[in-house]
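Every chain is numbered from 1, with letters handed out A, B, ... down the list of sequences.
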Amino acid sequence: MSIALFVPCYVDQLKPRVGLAALDLLRAAGFDVEVLDGLPCCGQPLLTAGEERLARDVATRFVEGTRAFESVVTPSGSCASTLEIHGRRLVPDPPGGRARVVELTRFLSDNGALPSPPTEFPRRVGLHASCHALRELRQGTPSETREQARTDPAAALLREIPGLELVDLTRRDECCGFGGVFAVEEEAVSTRMGLDRLSDHRRGRAEVLTSTDVSCLLHLEGLARREGPPLEVLHVAEILAETHLGAGWLETNAIRGADGSR
Amino acid sequence: MGHVDRARDFVANTERTTWHDEVLWFVRAKRDAAADTLPEWEALRDEAAGIKRDVLGRLPELWRRFEQEATAAGATVHWARDAAEHNRIVHELLRTHDVKRVVKSKSMLTEECGLNPHLEAQGIEVVDTDLGERIVQLREEAPSHIIMPAIHLKRGEIGDLFHQEMGTPAGLDDPDELTAVARRDLRARFLAAEAGITGVNFAVAETGSFVVVTNEGNADLGTALPRLHIACVGLEKIVPTANDLAPFLRLLARSATGQPISTYTSHFRAPRADDGNGGPPPELHVVIVDNGRSRLLAEPAFREALACIRCGACLNTCPVYRRSGGHSYGSTVPGPIGSVLAPSQDPARHAELPHACSLCGSCSDVCPVRVPLHHQLLTWRSHLAESGHHPRRRRLAFRIAARVLSNAGLYDRATRAGRWIARRLPSRWLDRLGGPWTRSRALPSIPAESFHQALAAREEERP
Amino acid sequence: MSAREKTGRKVDGDDARSEILARLEAAAPEPGEPFQRVPAPAMPDDPTSLLGARLGQNGGVLVTNASATDWPTHLDLPASPAAFAHVHCQAGTALPEHGVASRGVGLEAKAVHDLSPLDLCVLEAEFSVVENGASWHVPASALERGAALLAEHLVILTRRSRLVATLHQAYPRMTLGHTGFGWFLSGPSKTADIEQALVLGAHGPRTMHLVLLDD
């Protein structure tokens, strides 16, 4: 199976270790992974801003540039959903077909043979459900629906980690209020939504906040650092790397200047 | 002032926002519990959505049939192309029947058409009889929710209003006592009214019937007493047969408030029976209203919004609506469905609404008729941008961003330069540059290397 | 005589009608996808307790242990029915030995408006729906329709043999095409428009009893 790793622009720039974690996990699971270079974006920021034509151009570049692969794996439910849900509408299949874009935990769950068993991670972890992973990609069962239950692959992988306690939330899948340009244009409501999510996690005594989406985490981390007791923020891939690839992975792969690695 | 500013004002009152969010989340939770009682919930949504989609292709046939059946039953059917025509027809009916006092039950359609101010300008007294609607009417404001019109108000404010308007003791804020006062006041108005106006939840083509649903019984009192009943119905409200009502009525109240059914589900077909005391014979008039609905029907991207049964579930679940309040939308119908409908009525005025949404998708999953609301909101954004309703500077910024994101070399140089500068600026400066992002959020620490740089460095170290 | 005949020219109403129908014809999408009908769910194992629970959610009270001759003694009302001055009983529901018979405005009203002081209204349902506590009723007259709304207390008699599981079974039982007016009554008149606090007796009955009688 030919696999590419797509590290979206904001992960590339602001949370590079998440990209390294995704790459190391895929390699450890035995996949020969090619890292996509020169295709930084799925087009989502343009699409949600209403710039559908610009988004189509960017998505077309992406689809063309990845058609040689069977699957493109990405540590972002949001970018995967853009390409899988809207990308298929905006960009027709190139001759010979296109790569399927798969969110990392979904891919690991479906195909993965992660080095097991995971080592201990004795922390209380709040898993923030990414709306796009949940309601677009249907990774899990949205609380609104009464569809047949589907397992959230991120939660399932975290549950396998000894010592890790997933925090119970009063609202298990409410939006954090990031929403791309929404976070800036509707700053007041976005902030309030994020603060409400944070207090839910804090009520559950979360020590670590995690998600399949860096975008939600950047927003929540930014709010958490301005207010309230410290909360460590890690992408699911980082927790999986730390527990499956040898304790100390996070420290070894810390990036100068980035959060949690001074 | 748009949604952003009004929402900011609403959120600024932390306590009120908390209450508003929690009370509506509680309604959502009741809806969840009601959905849990029906194993066939999702199949019901499929059926309801299927009926509505079928109906959208057959509207002329169904309305002709409705007209024929309703007329045969003794009702009079009127057609209104737009709000003005609707208001003219209703006023003309009231004028020819010499009506000076009207009781009206909740109807988002008459809100949309601005019927009250139109009639009041002609010297006709219109009393909204749903308690929540009466409250906002007395406050001279619009409903903030389609089924809980006064949900933005606290009991103290309603107590103050009743003190001013109905002479209740100052400080009285007990909901039971306030409701009792309103009941007395409205009972007298029901008895004095010469006509009742209602909306319509569902019209049935096969029988020429229509269904009106309330908990208070206000639509029923307003039509059981006066001799003239005018029902105003939007073109989208029709279903083919009486049996088709079952899935909708099973979904409606459960989706709206978590109740198994509303208290009164009334099926009208003929003018009300004469009580035999010698007055003129009772009359029933149905006004069928387009007002932009056929335009929406012509839009493949948005026509499914015509399936909406106005349950309000998308408002209750919307994390933005719960924290910004219904008035922040500035449209007749607030919340996700309102933000889909309003731009079709007036794109220039409502161009901002599709952006009052984080695209979380909860509305689409809660919708009993499966309107893909959040995808429609996304589509509206591009339609409105293309039709020139987005600020030019904003569009230019995204064109530049697209250039950077589709050119590997440019992306690399721009991001390197950006991070180089960001890492050297004092954080106070950065915060200022961060604009609205940093008003409440700290900027992330800027890494010295991007993922691609870190990877290259690592592979150099351990080839 | 139609407006057209009266004036001898096409009036606005006709224009609007044909224009709207033309707009709808022009805008009509292709026929929708075929869809599945939900099969009518079966009667639950214990219909009485489900009916009672659902009616309770609506603010109503289910009376299960009464007989056709003693049901008034099972009502939870502020006073015995005999103490009420104004009562309306649908034909066939009166029990004079228990003080339940039309009297006062319930007997003398000439117009619906006269019924406003009504204390009690007794109706008989055509059938009742277990899944939601609703009872289908077709008022015999304008006065009866008004009585059900203006009374302080509402009692509806129904029979075990006339329970249906859900609304799917309910609609085929009706003859809506021949019914000028009919309604599902599911509880007392209620509102929650002040801070979502539930108040019974918004405009109409403050209490509602559904009396389930054996056949």
Side-chain angles (χ1 to χ4, degrees), chain A residues 7 9 11-16 19-20 23 35 37-38 40-41 45-52 54 57-58 61 131 135-136 142-147 171 174-175 177-193 196 218-219 221-223 225-226 255-259, chain B residues 3-4 7-8 11-12 17 21 25 32 35-36 41-42 317 319-320 323-324 355-362 364-366 378 381-382 384-385 390 394-395 398-399 401-402 405-406 408 411 415 419 423 435-437 439-455 458:
Chain A
V7 177
C9 52
V11 183
D12 178 46
Q13 293 301 314
L14 298 171
K15 296 286 176 185
L20 295 176
L23 179 62
V35 176
D37 201 5
C41 183
L46 305 164
L47 182 67
T48 58
E51 302 296 340
E52 191 175 289
L54 299 175
D57 293 344
V58 171
R61 270 193 90 234
C131 294
R135 297 199 188 84
E136 301 287 1
S143 60
E144 298 85 8
T145 77
R146 295 298 173 270
E147 294 160 5
R171 303 183 187 179
E174 193 180 39
C175 177
F178 172 69
V181 71
F182 176 84
V184 177
E185 291 183 339
E186 287 272 5
E187 182 266 339
V189 179
S190 165
T191 294
R192 179 62 207 247
M193 286 165 69
D196 288 350
L218 282 169
H219 164 65
E221 182 180 35
L223 291 167
R225 279 176 35 182
R226 282 281 175 88
I255 304 228
R256 193 161 45 90
D259 292 310
Chain B
H3 183 270
V4 169
R8 188 187 303 116
V11 168
T17 305
D21 167 59
W25 183 261
D32 289 355
D36 283 335
W41 185 258
E42 296 298 326
T317 204
V320 178
R323 290 171 183 84
S324 68
H355 296 269
C357 160
S358 63
L359 297 172
C360 77
S362 182
S364 305
D365 272 336
V366 90
L378 181 64
R381 295 180 186 186
S382 55
L384 291 164
H390 281 185
R394 186 179 189 275
R395 300 207 69 187
F398 282 107
R399 251 202 307 278
L405 290 171
S406 29
Y411 170 80
T415 52
R419 269 185 298 112
R423 285 174 49 73
W437 176 269
R439 206 170 288 146
S440 48
R441 310 167 189 97
L443 278 176
S445 315
I446 307 297
E449 296 167 315
S450 71
F451 161 74
H452 282 100
Q453 290 168 323
L455 183 64
R458 198 166 82 169

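- With a 4.5 Å cut-off on non-hydrogen atoms, B:Tyr411 touches chain A through its side chain but not through its backbone.
- Scanning both residues, B:Pro444 and A:Leu14, for their nearest heavy atoms gives CG-CD2, 4.2 Å.
- Proximity to chain A (any heavy atom under 4.5 Å) is restricted, for B:Arg394, to the side chain, taken from C-beta onward.
- Both the backbone and the side chain of A:Leu47 come within less than 4.5 Å of a heavy atom in chain B.
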*Using the side-chain contact (heavy atoms from CB on, under 4.5 Å) rule, take A:Leu223 and B:Ser440 through it: C-alpha gap first, then chi angles, then the decisive distance, then the call.*
CA-CA 6 Å; A:Leu223 291 167; B:Ser440 48; 3.9 Å; yes
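- The structure places CD1 of B:Ile446 at 13.0 Å from CD1 of A:Ile255, a figure rounded to the nearest 0.5 Å.
- For the options B:His390, B:Arg8, B:Gln453, B:Arg419, heavy-atom pairs under 4.5 Å to chain A are most numerous at B:Arg419.
- Both the backbone and the side chain of B:Arg439 come within contact range of chain A, with heavy atoms under 4.5 Å apart.
- Ranked by heavy-atom pairs under 4.5 Å with chain B, the list A:Arg171, A:Glu187, A:Glu174, A:Glu185 is led by A:Arg171.
- Here B:Arg323 pairs with A:Asp196 in a salt bridge; the nearest charged N to carboxylate O distance falls below 4.0 Å.
- Looking at B:His452, both its backbone and its side chain come within 4.5 Å of chain A, counting heavy atoms on both sides.
- Note on B:Ala448, B:Ser406, B:Ala408: by heavy-atom pairs under 4.5 Å with chain A, the leading option is B:Ser406.
- Contact annotation for A:Gln13: both backbone and side-chain heavy atoms come within less than 4.5 Å of a heavy atom of chain B.
- Checked by atom type and distance alone, the side chain of B:Arg399 never pairs as donor or acceptor with a backbone atom of A:Leu54 at under 3.5 Å.
- For the options B:Trp25, B:Trp437, B:Trp41, heavy-atom pairs under 4.5 Å to chain A are most numerous at B:Trp25.
- Here B:Ala35 is the residue among B:Ala7, B:Ser324, B:Ala35 with the most heavy-atom pairs under 4.5 Å with chain A.
- Using a 4.5 Å cut-off between heavy atoms, B:Ala12 does not touch chain A at all.
- By number of non-hydrogen pairs under 4.5 angstrom with chain B, the leading residue of A:Cys131, A:Ala188, A:Ser143, A:Pro40 is A:Pro40.
- Of the atoms belonging to A:Asp57, not a single heavy atom falls under 4.5 Å from chain B.
- In this structure, chain A has a heavy atom under 4.5 Å from the side chain of B:Arg423, while its backbone stays farther away.
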*Where do B:Arg395 and A:Glu51 land on the salt bridge (charged side-chain N to carboxylate O under 4.0 Å, His left out) test, with the steps shown first?*
CA-CA 8 Å; B:Arg395 300 207 69 187; A:Glu51 302 296 340; 2.8 Å; yes
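- Comparing A:Leu20, A:Asp37, A:Leu23, A:Thr145 by how many heavy-atom pairs each has under 4.5 Å with chain B, the most go to A:Leu20.
- Contacts of A:Arg61 with chain B are made by side-chain atoms alone, with heavy-atom separations under 4.5 Å and no backbone atom involved.
- Judged by distance alone, with hydrogens and angles left aside, the side-chain atoms of A:Arg135 form a donor-acceptor pair with the main-chain N or O of B:Cys360 at under 3.5 Å.
- For the set A:Thr48, A:Val58, A:Thr191, the entry with the most heavy-atom pairs within less than 4.5 Å of chain B is A:Thr48.
- Of all the listed residues (B:Ala454, B:Ser364, B:Cys357), the one sharing the greatest number of non-hydrogen pairs under 4.5 Å with chain A is B:Cys357.
- Your options are A:Glu147, A:Glu52, A:Met193, and the one with the most heavy-atom pairs under 4.5 Å with chain B is A:Met193.
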*asked:* Set out, in order, the CA-CA distance, both residues' side-chain angles and the distance that settles side-chain contact (heavy atoms from CB on, under 4.5 Å) for B:Thr415 and B:Ser450, then state yes or no.
replied: CA-CA 9 Å; B:Thr415 52; B:Ser450 71; over 6 Å; no
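- In this structure, chain A has heavy atoms under 4.5 Å from both the backbone and the side chain of B:Ser362.
- In this structure a side-chain-to-backbone donor-acceptor pair under 3.5 Å is missing from B:Arg381 to A:Ala49.
- Between A:Phe178 and A:His219, the ring-plane angle classifies as tilted under the 30° and 60° cut-offs.
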*asked:* Assess the residue pair B:His3 and A:Glu186 against the criterion (side-chain hydrogen bond (donor to acceptor under 3.5 Å, both in side chains)); give the C-alpha distance rounded to whole Å, side-chain angles, the decisive distance to 0.1 Å, and a yes or no.
replied: CA-CA 9 Å; B:His3 183 270; A:Glu186 287 272 5; 2.5 Å; yes
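- Most heavy-atom pairs under 4.5 Å with chain A, from the set B:Gly435, B:Ala401, B:Gly361, B:Pro319: that is B:Pro319.
- In this structure, B:Arg441 contributes its side chain and A:Glu221 its backbone to no donor-acceptor pair below 3.5 Å.
- Minimum interatomic distance between B:Val320 and B:Ala356 (heavy atoms only, all atoms of both residues): CG1-O, 3.6 Å.
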